[in-house]
Amino acid sequence: MNLDTLNPAQREAVEKTDGPVLILAGAGSGKTRVLTTRIAHLMEDKGVQATNILAITFTNKAANEMRERVEETIPGANTKEMWISTFHSCCVRILRKDINRIGYNRSFVIYDSGDQITLVKDCLKELNLSDKVFEPKSVISAISGAKDKLYNPKQFKAIHLSDNRMSKIADIYALYQDRLKRNSALDFDDLIYKTVELFKEEKEVLDFYRSRFKYIMVDEYQDTSKAQYELIKVLAKEHQNICVVGDDDQSIYGWRGADIRNILEFEKDYDDVHTVKLEQNYRSTQIILDAANTVISNNIERKRKKLWSEKKEGELIKIQLSDNEVDEADFIADTIARVARRDRRPYKDFAVLYRANAQARSIEDALNRSQIPYNIYGGTKFYERKEIKDLVAYLRVIQNPQDDISLKRIINVPRRGIGLRTIEKIEDRASLKQESIYSVLIDIDTNSDISTKARASISGFVDIIGTLRTISTVYPVSKLIEKVLDTTGYLDELEKDKSEDSQDRIDNLKEFISIALEFEQNNEEKDLQTFLTSVALTSEQSNDEENDKVSLMTIHTSKGLEFPVVFLTGMEEGLFPISRAVRSMNDSEIEEERRLCYVGITRAKEELFMTLTKKRTLYGKTNPSIASRFMEELPLECIEKLNKMEKELTYSKANYNILDKYTKKYMNNVNKSTVATNVKATIKDSQKETDIDDIKLGSKVHHPKFGIGTVVAMVGTDVTIAFDQQGIKKINKEYTTLDLL
DNA sequence: TATCATTTACTTTTT
DNA sequence: GTAAATGATA
């Protein structure tokens, strides 16, 4: 194995194969190259068998890339025996083999976040808890946090004994787990949690994998959770041949359970850790690196490192201030067109990055206007579309009829006259008998409290599922899907409706069939269960990367990618760093935002543009902007302002306080008025309109529906009015006729 | 029970 | 601004 092309640090990281190794790999320092070379070195020079290697990544994409590159490095290597996979698919593989030892069904289904919400709602109903007080989303994030930290419901309850709300959530957690098990389902967090549990409880299983995985490598280690950390630790316990690669400065998934301490304290957790820092950057110009280094140096909690490059200084970072998001987008489109022409760059050299998906729209519009082709990454995912989820629910029920959540989703889709009342009755019966809904459906005839009509529909449904179940064992998945769409009448229903929307849905379903066909071609195991697993664990949409298009994505999504020209947009307080207005951010949240900014800057190879606006409309509300504090952290010698920045706009303590006050006041008004009433106060198509400028704070007005009131607040296009009879209401002045008194 | 109107939420999301 | 969830009505 020739290691001469590596730099000294990279070479050290490759050659130090035994014992714990921490590789701190800065952005663009060639870490994938180091990892693949290391695997090749293990096999070629150290005689390690492929079966003894475990390489863990976070994305399927990274796993595939790594496997391909190992194959390139050692042609003919038998990489099939090597486990190069994501945490989740690695765990599924382990669990499918042995989860029955801890009381689960080996043919479990995997629930996505949508299913989780449905299940939590069911649990809330059963516990008679309000979903207003216990918002399903926040309940799930609490449960997910608990699982990431390896707390079972009992432990979770014990920790939060003094906290009433949290201890109620612990009860929900307990029921939630119970229901998952009864449905033969695991959620994403369970995949990790249950594997750790399996290893803890079944020594035999643990020993098997311990002796198999003699060399373990973990990529993106800064993103591991406590549970993932524990999983690796327990596997590596004996041989200690564990190599983790990561960059604490690129830890941007703290909100998803990633525990940055895992990487910061790796040296404490293992004995005799060999640490290698990869600081030479092969990606960006020195100016871009200087900017990135300076910004990130404002973080306190980090391992010191400084990226350097042999590349030339390069272009200054250009900063553009626009009036609003439309102008910002136009600037981006114009600049792309100009630079593409000037430097003869293909469109795929450009990326437009933003903090929130909602920003994409205006950019899309501008690119469309300029006829610049683009690809959007992220947003609503393919598998989250209603029709796809319905279809997947059918497939799941076929594979595992115990899956109540999926069954309830499709029992009346398309409508077959099994209404809410009937379902409720069946559910009651199921929980009484501690059985699955499907088993109640099967002997529905013995059920007297259900109408004959409903009973007929139900046995029709049971017949359909029964037939499909029989077919499923012999048909390939693509054929099975066609059968499902056909026999359930799902496709018919869509075809009857001639709307554009339905045509889109039909196209999506066809797309799903071709995904199934592709699956059949690429996999040795072609059964339904394997297909469903792959659907659950894959979210990447096949964006045609071959094409010459500009890339639009969030900064999160851009991690690990690089582009010659990058636009970082919306560099404004409140948007980046983002804040949820009411609650101001704490230091660690700001540090994570700053790391995100670091990730964004370091995506650029040659040119970087940063854009911001004077005022921005987001979610239908227009607010004045203040420059992001990260702009102030850029070294002056690295930047060039394309237009003059106004003083009020720059980030400073004083300006920030003004914004803060404004935001608080704004939030107060919104809360008060929306809490006070549920009555709609918007009237469209009004004949005449009162000139809005005439209305001032304290004005007496007459509203056609609510009568006389006083204006107590005005924000954006919303007027909040205290009515004499109806209480406080928020009214959109653009759509309402108000008579000034 | 189905459909329409109205309200509500809305950061990021590798699996 | 907008999709999805909820609530009111036929």
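Below, read A as the first sequence line, B as the second, and so on, with proteins coming before strands; counting in each chain starts at 1. Any value given below was found using the heavy atoms of this structure, including those in side chains, with hydrogens, waters and symmetry copies removed.
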Can you check whether A/Ser534 has a side-chain N or O nearer than 4.0 Å to OP1 or OP2 of B/dT15?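 For B/dT15, neither OP1 nor OP2 has a side-chain N or O of A/Ser534 closer than 4.0 Å.
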Can you tell me which nucleotide in B/dT11, C/dT2, B/dA2 comes closest to the side chain of A/Arg355?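 Nearest to the side-chain atoms of A/Arg355, counting from C-beta on, is B/dT11.
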I'd like to know if the side chain of A/Gln222 pairs up with that of A/Asp248 as donor and acceptor (distance under 3.5 Å, no hydrogens or angles considered).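 No donor-acceptor contact under 3.5 Å links the two side chains.
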Where does the angle between the aromatic ring planes of A/Phe87 and A/Phe58 fall among parallel (under 30°), tilted (30 to 60°) and perpendicular (over 60°)?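 A/Phe87 and A/Phe58: perpendicular rings.
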Taking only the side-chain heavy atoms of A/His556 (C-beta and beyond), determine which of B/dT11, B/dT13, B/dT14 contains the nearest atom.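 The nucleotide sitting nearest to the side chain is B/dT13.
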Assess the side chains of A/Glu220 and A/Thr57: does a donor N or O sit below 3.5 Å from an acceptor N or O?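 Checked: A/Glu220/A/Thr57 side chains show no N/O donor-acceptor pair below 3.5 Å.
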Are any of A/Arg256's side-chain N or O atoms less than 4.0 Å away from OP1 or OP2 of B/dT11?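 False: A/Arg256 side-chain N/O out of range (4.0 Å or more) of B/dT11 OP1/OP2.
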For A/Leu353 and B/dT12, what is the distance between atoms CG and C1' respectively, to the nearest whole Å?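 It works out to 13 Å between those atoms.
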Is A/Asn60 near enough to B/dT14 that one of its side-chain N or O atoms lies under 4.0 angstrom from OP1 or OP2?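 The answer is no; no side-chain N or O of A/Asn60 sits under 4.0 Å from OP1 or OP2.
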When you compare the side chains of A/Gln116 and A/Lys121, does any donor N or O come within less than 3.5 Å of an acceptor on the partner?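 Side-chain D/A pair, A/Gln116 to A/Lys121: absent.
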Taking atom P of C/dT6 as reference, at what distance in whole Å does atom CD of A/Glu135 sit?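 Nearest whole value for this atom pair: 12 Å.
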A/Lys559 side chain near B/dT12 phosphate (N/O to OP1/OP2, under 4.0 Å):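 No.
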Can you work out whether A/Arg416 or A/Ala356 has the more 5'-proximal nearest nucleotide on DNA chain B?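 By nearest-heavy-atom nucleotide position, the 5'-most residue is A/Arg416.
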Taking the side chain of A/Ile578 as its heavy atoms from C-beta onward, which of B/dT11, B/dT15, B/dT14 lies nearest to it?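 Between B/dT11, B/dT15, B/dT14, the one nearest the side chain of A/Ile578 would be B/dT11.
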Within the pair A/Arg415 and B/dT3, is there a side-chain N or O less than 4.0 Å away from OP1 or OP2?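 For A/Arg415, the contact criterion (side-chain N or O under 4.0 Å from OP1 or OP2 of B/dT3) is met.
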Closest listed nucleotide, where the reference is the side chain of A/Glu593 and the choices are C/dT6, B/dT15, B/dT11: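 Side chain of A/Glu593 sits closest to B/dT11.
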The side chain of A/Thr554 is closest to which nucleotide in this list: B/dT13, B/dT15, B/dC10?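 For the A/Thr554 side chain, the nearest candidate turns out to be B/dT13.
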In plain terms, say whether A/Arg256 and A/Asp148 are close enough for a salt bridge, that is, a side-chain N and a carboxylate O under 4.0 Å apart.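 Between A/Asp148 and A/Arg256 there is no salt bridge, as every charged N stays at least 4.0 Å from the carboxylate O atoms.
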Please determine, by modelled atom types, if A/Asn375 and A/Ser551 share a side-chain donor-acceptor pair under 3.5 angstrom.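 No.
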Answer with base, sugar-phosphate or nothing: what part of the nucleic acid does A/Asp189 contact at a heavy-atom distance below 4.0 Å?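 Contact class for A/Asp189: none.
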Tell me: CD of A/Glu220 to C1' of B/dT15, nearest whole Å?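 Nearest whole value for this atom pair: 14 Å.
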Roughly how many Å is it from NZ in A/Lys125 to C1' in C/dT6, rounded to a whole number?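 Answer to the nearest Å: 13 Å.
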Write down the distance between CZ (A/Arg505) and P (C/dA3), rounded to a whole number of angstrom.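 Whole-Å distance recorded here is 11 Å.
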Quick one: A/Leu596 CG to B/dT13 C1', roughly how many Å, whole number?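 Atom CG in A/Leu596 sits about 12 Å away from atom C1' in B/dT13.
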Should A/Asn357 be listed as having a side-chain N or O under 4.0 Å from OP1 or OP2 of B/dT12?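 So the side chain of A/Asn357 is within the cut-off, an N or O lying under 4.0 Å from OP1 or OP2 of B/dT12.
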Can you check whether A/Thr557 has a side-chain N or O nearer than 4.0 Å to OP1 or OP2 of B/dT13?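 Checking A/Thr557 against B/dT13: at least one side-chain N or O falls below 4.0 Å of OP1 or OP2.
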Looking at every strand, decide which applies to A/Thr422 at a 4.0 Å heavy-atom threshold: base, sugar-phosphate, or nothing.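 Counting heavy atoms under 4.0 Å across all strands, the contact made by A/Thr422 is with sugar-phosphate only.
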Where the side chain of A/His88 is concerned, which of B/dT15, B/dT12, B/dT11 is the nearest nucleotide?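 Nucleotide nearest to A/His88's side chain: B/dT15.
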How is A/Tyr253 classified with respect to the nucleic acid when contacts are heavy atoms under 4.0 Å: base, sugar-phosphate, or nothing?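 Contact class for A/Tyr253: base.
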A/Tyr598 OH to B/dT12 P: how many Å, rounded?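 The distance from OH of A/Tyr598 to P of B/dT12 comes to 24 Å, rounded to the nearest Å.
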Using whole Å, report how far CG of A/Leu552 lies from P of B/dT12.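 To the nearest whole Å, that distance equals 14 Å.
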Has A/Arg385 got its NZ or CZ under 6.0 Å from the middle of the six-membered ring of A/Phe512, at an angle within 45 degrees of the ring axis?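 Judged by the rule (NZ or CZ under 6.0 Å from the ring centre, within 45° of its axis), A/Arg385 is not positioned above A/Phe512.
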For A/Lys137, answer base if it contacts any base atom (sugar-phosphate contacts may also be present), sugar-phosphate if it contacts only those atoms, and nothing otherwise; contact means non-hydrogen atoms under 4.0 Å.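 Sugar-phosphate only.
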Flag as yes if A/Trp255 stacks onto the base of B/dT12 (centroids under 5.5 Å, planes under 30°), otherwise no.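 Stacked: centres under 5.5 Å apart, planes under 30°.
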